[in-house]
Peer 1: 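For reference, the structure I am asking about is given below.
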Amino acid sequence: MSTVDTSAKRSALAPLGKPFAAAGGVLGIVAALLPWVTFSLNDGNWPDKATLQFFDAPFLVTGFRWHVLLLGVLILVAAFAPVPSKGRVVRALGWGLALVSFVNAAYITVKGGGLGAITALDGATAFGAVVGLVAGVLAILAGYGIGIGPVGEWKFKVSTPVAYLVLLVSFGAVLYAVAAMLTTGGVGSANPYAGAIFLSFLGFAAGVLGALSGVGFVRWLSALSEQHRVFSVIVLAACALLLPFTEAGNEYWMTVAANIGIYAATAIGLNIVVGLAGLLDLGYVAFMGIGALVAANFSGAATAHFGITLPFPIAAVIAAVVAGIFGAIVGSPTLRVRGDYLAIVTLAFGEIFTRSAQNDIGGITNGSNAIPGVPALSLFGAEFNKSISIGAVKLPAGVLYYVLIVLLVAATMAVFANLKFSRIGRAWIAIREDEDAARAMGIRTGKMKILAFLIGAMLAGLAGAVFAHKNGTVSYESFKFLESVTLLAAVILGGMGSIPGAVLGAALLFVLPEKLRDFEDYRLMIFGLALILIMRFRPVGLIPDAHRRAEMIERADENAEEAHVEAKKA
Amino acid sequence: MSVLLQQLANGVIQGALIALIALGYTMVYGIIQLINFAHGEVFMVASYGGLATFTLLPDDLKKSPAVALPLMFVGGIVVAVVVAVIMERFAYRPLRNAPRLAPLITALGVSVFLQEAVRVFYPNAKSNLPYPKVFPEGNLTIGSVNISWTGVLLVVLSVGLAIILQTYINRSRMGRAMRATAQDPDTAKLMGVNPDRVIVLTFIIGAVLAGVAGIMFGGYLNNINIDMGFQNGIFAFTAAVLGGVGSIRGAVIGAFIIGLIKTVAGQYMPGGTQYDYVWIFVVLILVLVFRPQGLFGEPERVRA
């Protein structure tokens with residue numbers, strides 16, 4: 001495979017590629033300078049709080065314009081500079097531009113009173129959004145015109161210190177991006193435009209990330225981090241622990257981040273079952289529920305069933321073990337059942353759990369009244385839900401939970417990574433690829449599959465125990481089918497079998513609802529639609545596992561070849 | 001004794017309802033090996049479609065069941081078919097050659113999407129909606145057992161449609177094409193069968209049956225809600241598996257067994273109706289573990 005675009009499929013757009021890209025870039029810049037709204041919106045100037053103040057102008061100039069301008073410039077640069085895989089880069093930037101323009105235009109139109117708000121009204125004109133949208137579409141078309149070649153490959157090697165520096169800077173940028181993503185648009189519903197600003201920022205981030213990945217930077221970076229795995233993990237953990245010191249360091253975001261962490265840990269556990277061993281589990285959240293219930297019952301909460309109060313570490317271990325036992329039970333049908341049928345068995349187990357918990361089975365779940373008042377954790381007298389100060393630095397409330405959960409996620413990651421590259425992990429992957437062949441190679445498939453369920457369930461049980469103390473209330477409502485689907489979606493969105501993928505997927509899926517309170521009603525609908533679209537356009541996920549990626553691309557090539565042969569015949 | 005007989009009768013009616021949905025599952029799985037999770041939602045959407053049709057009727061037509069009921073059936077079925085065709089065309093068809101996990105997850109997505117779309121866009125769909133009283137009223141009483149005429153109609157429709165479907169698949173040209181595609185899509189293609197048409201037709205047939213079921217569900221239980229699709233969809237899927245996926249006869253018999261388990265277990269097993277759901281799942285797991293091919297299915301072939 002060469003890095004040059006010659007192998008790319010040419011389309012009818014080919015001769016228009018560069019001119020379109022140039023036009024898209026210029027129009028993008030123009031759009032950033034044009035007015036976007038014909039009047040001041042009812043809920044305050046559009047968008048009231050911007051991520052970056054660009055310049056003050058009569059027509060409410062704010063952060064998203066900065067993004068539009070940047071995207072326009074980048075498209076121009078990409079069009080004329082010798083960039084690897086130019087088509088991909090231009091297309092990704094075009095998508096970014098189109099998304100940013102679309103989100104803002106849609107918001108202004110809906111909140112501001114019709115299409116007049118983004119065209120012309122009462123003598124004022126504001127064609128910024130329209131021009132931006134056109135520029136985006138032009139750039140996307142230009143991308144296809146130039147040709148969508150293979151992703152750029154960076155062959156050059158760097159010395160260890162340089163690699164460390166690159167990793168440090170990159171992860172620092174990731175930390176900044178995460179903090180920015182959390183805080184853009186402000187906390188919850190304080191800003192009426194929070195949702196729009198966030199979505200607009202997401203569009204911008206997606207465009208830039210797509211371009212970086214098109215150039216081949218992302219792949220190069222992930223290879224680099226794989227090479228310096230230990231260093232990367234340390235830096236990543238350090239970055240995560242630095243989050244409380246950024247803009248996102250307040251109680252609200254610490255709580256959100258901690259919740260994301262709990263689900264991320266659970267998603268990594270699910271990733272063992274689904275991503276490595278290839279066993280689809282549709283009732284996985286039940287294990288988290290079991291862990292949470294066990295921890296709650298031993299926590300000394302008023303409605304706890306057992307009269308014993310155990311210290312958290314012991315309760316957490318018991319929670320993990322109990323969940324693990326149930327995992328092995330649920331996994332045992334895998335000895336006889338395969339594929340889709342297994343998915344249904346797990347779904348059935350999940351539903352049995354929900355039903356039983358709802359009806360207060362054995363008096364341990366307290367039914368629909370839930371188990372409230374699970375005490376917060378404390379260590380050396382420091383309550384985890386209060387704010388603490390180290391010397392002169394005052395840290396927001398919930399920061400200890402956040403730290404605990406970062407450590408939990410790190411531990412889960414370590415378990416996952418070690419398993420993945422061990423004999424067991426290879427056995428799982430072999431089973432995923434071809435169970436009969438794996439058995440022929442001497443792998444005890446039944447034992448291995450049950451082991452996958454057991455370990456996955458234990459991790460979920462552990463996360464559940466933390467969940468119980470963190471949230472203070474354990475109700476069966478938190479562990480329903482939809483949560484299982486969401487977790488599965490997190491694994492798939494991030495990329496099956498990939499660790500950063502599971503965290504990213506969980507972060508996106510569990511931070512979006514916080515950000516999109518405006519869309520509370522449409523949230524799940526968008527979620528359903530997103531699942532369909534991901535499967536349609538990026539079934540490998542955002543950060544595909546290297547091995548899995550190879551497999552998918554090969555398959556895609558095969559299909560393309562077949563199509564080619566068929567076309568010749570016709 | 002009379003309680004048992006009554007529960008058996010209720011079970012048969014529930015089974016008839018589940019059978020109508022299960023046929024859609026079993027046919028789609030038989031042909032493209034896809035567990036179409038969203039099929040339960042097609043049933044739900046049809047129920048709302050029928051209700052919407054009734055709401056839109058002029059007042060004098062609402063009063064005559066003889067006109068209103070058929071129109072509701074037409075409305076519900078049309079909605080179901082449109083949804084199913086769009087779903088097949090835009091969600092499943094592009095994934096025909098994708099890894100097997102992909103369409104299953106898409107199906108989950110479609111299911112969530114449809115359920116939420118109805119909840120958000122149908123007026124007052126957040127709570128139970130009453131179903132119009134245009135169904136035959138009164139009961140059929142045999143000894144101590146009371147069966148509503150709507151229930152009788154449901155059983156008759158269900159069994160009748162299943163027989164028609166079985167005949168269609170065994171006798172008609174298109175039915176032969178379906179069986180051929182189910183056995184070996186590639187060879188069927190070589191024999192001049194258009195797989196896209198066969199698959200769309202399968203979805204349409206499933207949707208029609210689900211449409212009938214959706215209307216009858218409303219008539220039998222008098223009110224509908226957006227959760228009905230998921231629950232009954234799972235029951236129907238269980239029935240399809242129990243009978244042996246791909247087998248029409250199996251799906252119907254499996255559905256009746258599921259219906260009977262639900263009502264009888266709800267009556268006699270510990271925990272009562274709160275756990276009737278659980279017993280169905282226990283049966284499902286046991287069947288999958290000990291007889292995954294179902295009662296009437298062929299043992300699963302290993303695909304290359």
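The sequence lines fix the lettering, A, B, ..., with proteins before strands; numbering per chain opens at 1. Bear in mind the structure is a predicted one, so any value in this text is a computation, not a measurement. Excluded from the calculations below are hydrogen atoms, water molecules and symmetry mates; all remaining heavy atoms, backbone and side chain alike, are included.
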Peer 1: Can you tell me how far the CE atom of A:M525 sits from the CD atom of B:Q115, to the nearest 0.5 Å?
Peer 2: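 Between A:M525 CE and B:Q115 CD, I get 13.0 Å after rounding to 0.5 Å.
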
Peer 1: Is it the side chain or the backbone of A:A489 that comes within 4.5 Å of chain B heavy atoms, both, or neither?
Peer 2: neither

Peer 1: Can you name the closest pair of heavy atoms from B:V112 and A:L524 and give their distance?
Peer 2: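 What the structure gives for the nearest pair is CG1-O, 3.5 Å.
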
Peer 1: Would B:F37 and A:L282 count as a side chain to side chain contact (heavy atoms under 4.5 Å, CB included) here? Give the steps.
Peer 2: CA-CA 12 Å; B:F37 264 109; A:L282 290 177; 3.8 Å; yes

Peer 1: Using a 6.0 Å cut-off, check whether atom CZ of A:R355 has over 12 heavy atoms from anything other than its own residue.
Peer 2: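 Yes, the 6.0 Å shell around CZ holds more than 12 heavy atoms from other groups.
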
Peer 1: With a 4.5 angstrom heavy-atom cut-off, is it the side chain or the backbone of B:I105 that approaches chain A, or both, or neither?
Peer 2: both

Peer 1: Counting heavy atoms not belonging to B:Y25, are there more than 12 under 6.0 Å from its OH?
Peer 2: yes

Peer 1: Distance from B:W279 atom CH2 to A:I352 atom CD1, nearest 0.5 Å?
Peer 2: 9.0 Å

Peer 1: So A:I532 and B:M87, do their side chains get closer than 4.5 Å, heavy atoms only?
Peer 2: no

Peer 1: Answer with side chain, backbone, both or neither: which region of A:L347 has an atom nearer than 4.5 Å to a non-hydrogen atom of chain B?
Peer 2: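 Just the side chain, heavy atoms under 4.5 Å.
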
Peer 1: Would you indicate whether B:R93, at its atom CZ, is surrounded by more than 12 heavy atoms from other residues, nucleotides or ligands within a distance under 6.0 Å?
Peer 2: yes

Peer 1: Under 4.5 Å heavy-atom distance to chain A, tell me which part of B:L284 shows up: side chain, backbone, both or neither.
Peer 2: side chain

Peer 1: Which bit of A:S332 comes within less than 4.5 Å of chain B, counting heavy atoms only: side chain, backbone, both or neither?
Peer 2: neither

Peer 1: Counting only non-hydrogen atoms closer than 4.5 Å, does B:V278 touch chain A with its backbone (N, CA, C, O), its side chain (CB onward), both, or neither?
Peer 2: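 Contact with chain A is through both the backbone and side chain of B:V278.
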
Peer 1: For the residue pair B:T106 and A:R536, establish whether any side-chain heavy-atom pair is separated by less than 4.5 Å.
Peer 2: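 A side-chain contact is absent here, since even the closest heavy-atom pair is not under 4.5 Å.
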
Peer 1: Please report the interatomic distance CD1(A:I344) to CG(B:L104), rounded to the nearest 0.5 Å.
Peer 2: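 Nearest 0.5 Å value for the CD1-CG distance: 7.0 Å.
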
Peer 1: As an exercise, state the distance from CZ of B:F281 to OG1 of A:T354, rounded to the nearest 0.5 Å.
Peer 2: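 Nearest 0.5 Å value for the CZ-OG1 distance: 9.0 Å.
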
Peer 1: Counting only heavy atoms closer than 4.5 Å, note whether B:I234 contacts chain A via side chain, backbone, both or neither.
Peer 2: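 The side chain, not the backbone.
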
Peer 1: Does a side-chain heavy-atom distance below 4.5 Å link A:F481 with B:F230?
Peer 2: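 Side chain of A:F481 against side chain of B:F230, heavy atoms only: contact under 4.5 Å found.
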
Peer 1: Where on A:L533 is there a heavy atom nearer than 4.5 Å to chain B: the side chain, the backbone, both, or neither?
Peer 2: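 No part of it gets close to chain B.
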
